[in-house]
Amino acid sequence: RGFQVIDTIKTRVDAACNATVSCADILALAARDGVVLLGGQTWTVPLGRRDARTASQSAANSQIPGPSSSLATLVNMFSNKGLSARDMTVLSGAHTIGQARCTTFRQRIYNDTNINAAFATTRRRNCPSTGGDGNLAPIDSTPARFDNSYYRDLVARRGLFHSDQELFNGGSQDAAVTGYSNNGASFLRDFAAAMVRLGNLSPLTGRNGEVRRNCRRIN
């Protein structure tokens with residue numbers, strides 16, 4: 001949802017400077033500006049990325065953790081990309097904005113035991129045990145503000161995804177979650193730094209890749 005925003009940006013950028021700015025750079029800048037517009041901290045986005053000529057849905061599904069992932073899986077998948085467990089925990093804070101489909105959190109609200117009972121009851125009202133897969137719920141308690149509510153919710157056992165609550169469930173990331181829940185400024189600062197590290201993971205530059213004319217497909 002929302003990719004039409006990227007299409008509009010690409011059209012306007014190319015009208016001013018044709019075939020120069022990649023979709024990868026546009027996405028990186030839009031992510032930063034979206035965070036800032038919702039109250040987060042800015043960061044300098046390194047530019048010069050080029051767009052891939054291939055894509056793999058199977059690679060995305062196998063290399064990006066899902067909403068039912070365990071803490072061990074989360075740590076391992078980020079480690080495989082050169083990111084630390086702390087990076088994983090602070091980047092998970094992106095879940096402070098947005099909505100999620102019922103199918104992604106149904107298991108959590110019906111089967112998990114480390115969940116606030118009132119919170120589970122509230123979420124079940126719009127997410128039945130069967131059906132309603134596309135019904136939406138906010139991922140944290142302030143879904144239109146980029147703040148540290150996500151971490152305060154985890155401490156209160158109100159994480160929407162199983163994978164979210166794994167960050168605060170008697171494991172290695174409890175201290176980091178508690179710290180961010182108490183200090184929103186440190187979350188915003190660390191998130192900005194981690195986004196730069198994330199954006200520097202094996203970018204295509206120079207003669208590699210291409211500058212797409214349409215961000216939805218290769219040239």
Side-chain angles (χ1 to χ4, degrees), residues 1-3 5-7 22-28 30-32 34-35 45-46 49-112 114-115 127 130 132-137 139-140 150 154 159-173 176-177 190-191 193-205 208-210 212 214-219:
R1 296 190 301 272
F3 200 75
V5 175
I6 302 302
D7 295 332
S22 69
C23 298
D25 275 351
I26 289 172
L27 283 164
R32 189 271 311 276
V35 168
V45 178
R49 300 169 183 79
R50 286 165 66 86
D51 298 316
R53 293 193 178 100
T54 62
S56 172
Q57 183 178 9
S58 62
N61 289 336
S62 64
Q63 296 177 29
I64 298 174
S68 62
S69 297
S70 67
L71 179 59
T73 295
L74 293 168
V75 171
N76 184 60
M77 285 191 169
F78 276 75
S79 177
N80 288 341
K81 298 297 181 182
L83 295 168
S84 69
R86 183 74 174 220
D87 288 331
M88 178 272 294
T89 296
V90 72
L91 289 169
S92 295
H95 287 175
T96 187
I97 56 174
Q99 307 276 326
R101 299 174 69 238
C102 167
T103 186
T104 63
F105 61 84
R106 178 181 286 117
Q107 174 186 335
R108 163 86 172 137
I109 62 174
Y110 284 98
N111 297 328
D112 284 3
N114 60 341
I115 187 170
C127 183
T130 57
D133 286 358
N135 294 353
L136 299 177
I139 304 178
D140 87 342
Y150 168 78
L154 295 186
L160 185 63
F161 301 140
H162 176 87
S163 56
D164 284 336
Q165 197 61 59
E166 282 285 282
L167 302 183
F168 189 83
N169 192 37
S172 64
Q173 298 308 296
V177 170
D190 290 355
F191 182 86
M195 282 296 287
V196 174
R197 290 191 288 276
L198 180 66
N200 285 336
L201 295 182
S202 305
L204 296 173
T205 58
N208 295 317
E210 65 184 17
R212 291 187 185 181
N214 182 326
C215 292
R216 296 174 182 264
R217 61 182 66 92
I218 61 174
N219 293 339

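Both backbone and side-chain heavy atoms feed into the values below; hydrogens, waters and symmetry mates do not. Nothing here was measured: the structure is a model prediction, and the numbers come from that model.
- Side-chain atoms of Arg106 and Asn135 form no donor-acceptor pair, as typed in the model, at a separation below 3.5 Å.
- The shortest non-hydrogen separation linking Pro65 to Ser69 is CB-OG, 3.6 Å.
- With a 4.5 Å cut-off on side-chain heavy atoms, Tyr150 and Asp164 count as touching.
- Nearest heavy-atom pair, Ala31 versus Met195, reported as atom, atom and distance to 0.1 Å: CB-CE, 4.4 Å.
- To the nearest 0.5 Å, atom CG of residue Asp133 and atom SG of residue Cys127 are 7.5 Å apart.
- For Ala94, the side-chain contact (heavy atoms from CB on, under 4.5 Å) criterion is met by Phe191, not counting sequence neighbours.
- At distances below 3.5 Å, at least one donor-acceptor pair connects side-chain atoms of Glu210 with backbone N or O atoms of Asn219.
- For Asp51, there are no side-chain hydrogen bond (donor to acceptor under 3.5 Å, both in side chains) partners two or more places apart in sequence or in a different chain.
- Taking 4.5 Å as the limit, every side-chain heavy atom of Asn76 sits out of range of all side-chain heavy atoms of Met88.
- Side-chain contact check for Ile64 versus Met77: every heavy-atom pair is 4.5 Å or farther apart.
- For Phe78, the ring pair (Phe, Tyr, Trp, His ring centres under 6.0 Å) test picks out no residue, with sequence neighbours left out.
- Although no hydrogens or angles enter the test, the distance criterion places no donor-acceptor pair under 3.5 Å between the side chain of Arg49 and the main chain of Leu204.
- Checking His95 against Asp140 by side-chain atom types alone, no donor-acceptor pair falls below 3.5 Å.
- Annotation: the span from Leu91 atom CG to Asp190 atom CG amounts to 10.0 Å, rounded to 0.5 Å.
- Side-chain atoms of Gln165 come within 3.5 Å of backbone N or O of Phe168 as a donor-acceptor pair.
- Side chains of Ser84 and Asp87: a donor on one and an acceptor on the other come within 3.5 Å.
- The CD1 atom of Ile6 sits 8.5 Å away from the SG atom of Cys23 when rounded to the nearest 0.5 Å.
- Here Leu167 contributes atom CG and Leu71 contributes atom CG; the two are 6.5 Å apart, rounded to the nearest 0.5 Å.
- Taking 4.5 Å as the limit, every side-chain heavy atom of Val45 sits out of range of all side-chain heavy atoms of Asp25.
- At least one side-chain heavy atom of Cys215 sits under 4.5 Å from a side-chain heavy atom of Phe3.
- Taking the side chain as every heavy atom from C-beta outward, Ile115 and Arg108 approach each other to under 4.5 Å.
- Using a 4.5 Å heavy-atom cutoff, the side chains of Lys81 and Leu201 are in contact.
- To the nearest 0.5 angstrom, Ser56 atom OG is 8.5 Å from Asn61 atom CG.
- Pairing each heavy atom of Gly159 with each of Leu154, the nearest pair is CA-CD2, 3.6 Å.
- Taking both residues in full, the closest heavy atoms of Gly209 and Arg53 are given as O-NH2, 2.7 Å, listed atom of the first, atom of the second, then distance.
- Ile139 has its side chain within reach of Phe161: a pair of non-hydrogen atoms, C-beta onward, lies under 4.5 Å apart.
- With hydrogens and angles disregarded, a donor-acceptor distance shorter than 3.5 Å links the side chain of Asn214 to the backbone of Arg216.
- At distances below 3.5 Å, at least one donor-acceptor pair connects side-chain atoms of Thr104 with backbone N or O atoms of Arg101.
- Listed here is the closest heavy atom pair of Cys102 and Gly132: CB-O, 3.2 Å.
- In summary, the side chains of Ser92 and Thr89 do not present any donor paired with an acceptor at a separation below 3.5 Å, with no hydrogens or angles considered.
- The main-chain N or O of Ala52 is found under 3.5 Å from a side-chain atom of Arg212 such that the two form a donor-acceptor pair.
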